[in-house]
Asks: 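Have a look at this one.
Each chain gets a letter, A, B and so on, in the order the sequences are listed, and its residues count up from 1.
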2 protein chains.
Amino acid sequence: MDDLDRKIIDLLSADARRSLADIGGTVGLSPSSVNERIRRLTAAGAIRRFTVELDPAAMGLDTLVFVWIALREDADEAAFRRYAEAEPAILECHHVTGGWSYLMKIRVGETASIEGVLANLKGRKFLGRSETVIALSSPVAGAYVQKGEAEGG
Amino acid sequence: MDDLDRKIIDLLSADARRSLADIGGTVGLSPSSVNERIRRLTAAGAIRRFTVELDPAAMGLDTLVFVWIALREDADEAAFRRYAEAEPAILECHHVTGGWSYLMKIRVGETASIEGVLANLKGRKFLGRSETVIALSSPVAGAYVQKGEAEGG
DNA sequence: GTGGATATGGATGACCTTGACCGCAAAATC
DNA sequence: GATTTTGCGGTCAAGGTCATCCATATCCAC
């Protein structure tokens with residue numbers, strides 16, 4: 001993982017459809033070399049996958065909420081994790097320090113849908129208490145690992 | 001945005017490097033039609049960009065923290081947003097309901113680096129009080145909009 | 001029936017992939 | 001210490017795949 005790899009990753013983050021020749025021209029390598037480096041980065045797991053970044057609003061998911069969860073004392077924690085993994089609305093679920101057990105990031109079409117998720121958690125006997133925080137706006141959103149310096153062009 | 005569009009988006013989310021012919025074979029369209037739909041989805045903004053999903057650990061960013069922020073009464077809120085946008089460690093920053101003003105998602109190499117970010121916020125006279133929560137593990141992570149049903153194959 | 005939007009099919013050119021060859025640096029051998 | 005060896009990473013060229021574009025056809029709504 002040297003500077004060239006980082007540059008290539010930055011370029012791919014900005015636009016994963018850039019041609020190898022284009023990337024090579026920018027970083028100073030031949031297309032084959034760029035291809036080989038991308039292959040290595042993917043094999044090593046640094047690049048997990050090629051994907052698309054979507055606009056939540058266009059998908060009809062306007063509401064972003066964070067929910068703090070305290071599990072019940074007798075909750076099956078493994079089952080809770082499996083449920084969180086399977087529930088499409090739950091984008092992230094983190095085991096956190098502090099007074100709560102988990103912090104979940106949830107995206108739904110309307111605030112009412114949050115109730116459904118919470119009801120599910122309650123019905124499955126996971127939920128002790130919870131606290132819901134609604135995101136009114138998001139000045140910064142979308143960076144998954146880190147915002148790079150490279151911009152498409 | 002019909003079912004075909006959603007299927008195509010699911011497939012692209014799982015693997016954005018699938019060929020148009022491959023996608024077309026799966027959803028029942030010709031490569032040209034798939035291409036046209038992707039073009040339209042991108043033009044409409046539903047697909048923001050083609051990108052790569054990275055492994056934070058491989059990038060040397062092992063620590064994920066959430067920081068609650070209450071701005072100072074006299075803080076320049078627009079300036080705060082600009083700063084949050086520019087700071088690479090700040091992946092997300094949401095204006096939220098409840099007792100705090102903002103919730104920030106931050107990724108750093110080591111816990112000590114969080115102090116640097118907070119010191120910056122304090123130095124720029126943004127910060128009133130803050131509370132930092134560290135993510136110990138993340139049973140669910142990486143979904144940006146919603147976990148689709150489609151899997152690569 | 002007409003107009004608009006969407007799908008199809010083929011031609012074309014760009015692109016990725018692969019293999020063989022080269023250069024360099026580090027390690028091993030003499 | 002000089003030389004050989006070995007392995008990694010790069011370049012180049014060729015072949016096949018793929019995306020793209022355009023003309024045509026089809027479907028749906030009015």
Side-chain angles (χ1 to χ4, degrees), chain A residues 1-61 144-146 148-153, chain B residues 1-61 144-146 148-153:
Chain A
M1 171 75 73
D2 56 8
D3 273 345
L4 286 174
D5 283 336
R6 269 182 286 272
K7 264 192 205 169
I8 291 171
I9 282 180
D10 277 353
L11 292 171
L12 286 178
S13 291
D15 178 10
R17 286 208 292 193
R18 279 195 143 182
S19 74
L20 298 177
D22 195 357
I23 296 172
T26 304
V27 305
L29 282 178
S30 72
S32 306
S33 302
V34 175
N35 191 30
E36 174 62 14
R37 278 173 179 267
I38 292 175
R39 197 198 58 73
R40 260 198 308 260
L41 287 168
T42 306
I47 295 175
R48 285 205 184 127
R49 59 176 176 166
F50 284 69
T51 185
V52 287
E53 185 182 306
L54 302 171
D55 176 17
M59 309 290 291
L61 301 168
Y144 177 58
V145 167
Q146 190 163 311
E149 289 79 43
E151 279 303 312
Chain B
M1 172 75 75
D2 56 7
D3 273 344
L4 285 174
D5 283 336
R6 268 183 286 273
K7 264 191 204 171
I8 291 172
I9 283 180
D10 276 353
L11 292 171
L12 286 178
S13 291
D15 178 9
R17 286 207 292 191
R18 278 193 147 184
S19 73
L20 298 178
D22 194 357
I23 295 173
T26 304
V27 305
L29 282 179
S30 71
S32 304
S33 303
V34 175
N35 191 30
E36 174 60 15
R37 278 173 177 266
I38 292 175
R39 195 199 59 73
R40 229 179 310 151
L41 287 167
T42 307
I47 295 176
R48 286 208 184 123
R49 58 174 175 166
F50 284 70
T51 184
V52 288
E53 184 181 306
L54 303 171
D55 177 18
M59 309 291 290
L61 300 169
Y144 177 58
V145 167
Q146 188 163 312
E149 290 79 42
E151 280 301 314

Asks: Between B:Ile38 (CD1) and D:dA19 (C1'), how many Å, whole number?
Replies: 10 Å

Asks: Mark up nucleotides 13-22 of chain C, 5' to 3', with B wherever a protein heavy atom is under 4.0 angstrom from a base atom, S wherever such an atom reaches only the sugar-phosphate, and - elsewhere.
Replies: --SSSB----

Asks: Please determine if A:Arg6 and A:Asp3 form a salt bridge, counting it only when a charged side-chain N lies under 4.0 Å from a carboxylate O.
Replies: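 Yes, charged N to carboxylate O under 4.0 Å.
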
Asks: How many whole angstroms separate atom CG of B:Leu12 from atom P of D:dA19?
Replies: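 Spelled out: CG on B:Leu12 to P on D:dA19 is 11 Å.
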
Asks: Minimum heavy-atom separation for A:Pro56 and B:Arg48, please, with both atom names.
Replies: CD-NH2, 3.6 Å

Asks: Under 4.0 Å: is that the gap between some side-chain N or O of B:Arg40 and OP1 or OP2 of C:dA5?
Replies: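 Result: no.
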
Asks: Give the minimum heavy-atom separation between A:Pro31 and A:Ala21, together with the two atoms involved.
Replies: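 It is CG-CA, 3.8 Å.
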
Asks: Kindly indicate, with the supporting measurements, whether the criterion side chain to side chain contact (heavy atoms under 4.5 Å, CB included) is fulfilled by B:Met1 and A:Met59.
Replies: CA-CA 8 Å; B:Met1 172 75 75; A:Met59 309 290 291; 4.1 Å; yes

Asks: When the C1' atoms of the five terminal pairs at each end define the local axes, what inter-axis angle does the helix from C:dG1-D:dC30 to C:dC30-D:dG1 show, to 10 degrees?
Replies: 30°

Asks: From CD1 of B:Ile8 over to P of D:dA19, roughly how many Å is that when rounded to an integer?
Replies: 13 Å

Asks: Using a 4.0 Å heavy-atom cut-off, does A:Arg39 contact any base of the nucleic acid, only the sugar-phosphate backbone, or nothing at all?
Replies: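 The residue A:Arg39 makes no contact with any strand.
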
Asks: Quick check: do B:Ile38 and B:Leu20 have side-chain heavy atoms less than 4.5 Å from each other?
Replies: yes

Asks: Using a 4.0 Å heavy-atom cut-off to protein, can you give one letter per nucleotide of nucleotides 24-30 of chain D, 5' to 3': B if the base is in contact, S if only the sugar-phosphate is, - if neither?
Replies: -------

Asks: Return the minimal non-hydrogen interatomic distance between B:Gly24 and B:Val34, and the atom names on each side.
Replies: CA-CG2, 3.6 Å

Asks: Would you kindly give the CD-to-P distance between B:Glu36 and C:dT6, to the nearest whole Å?
Replies: 8 Å

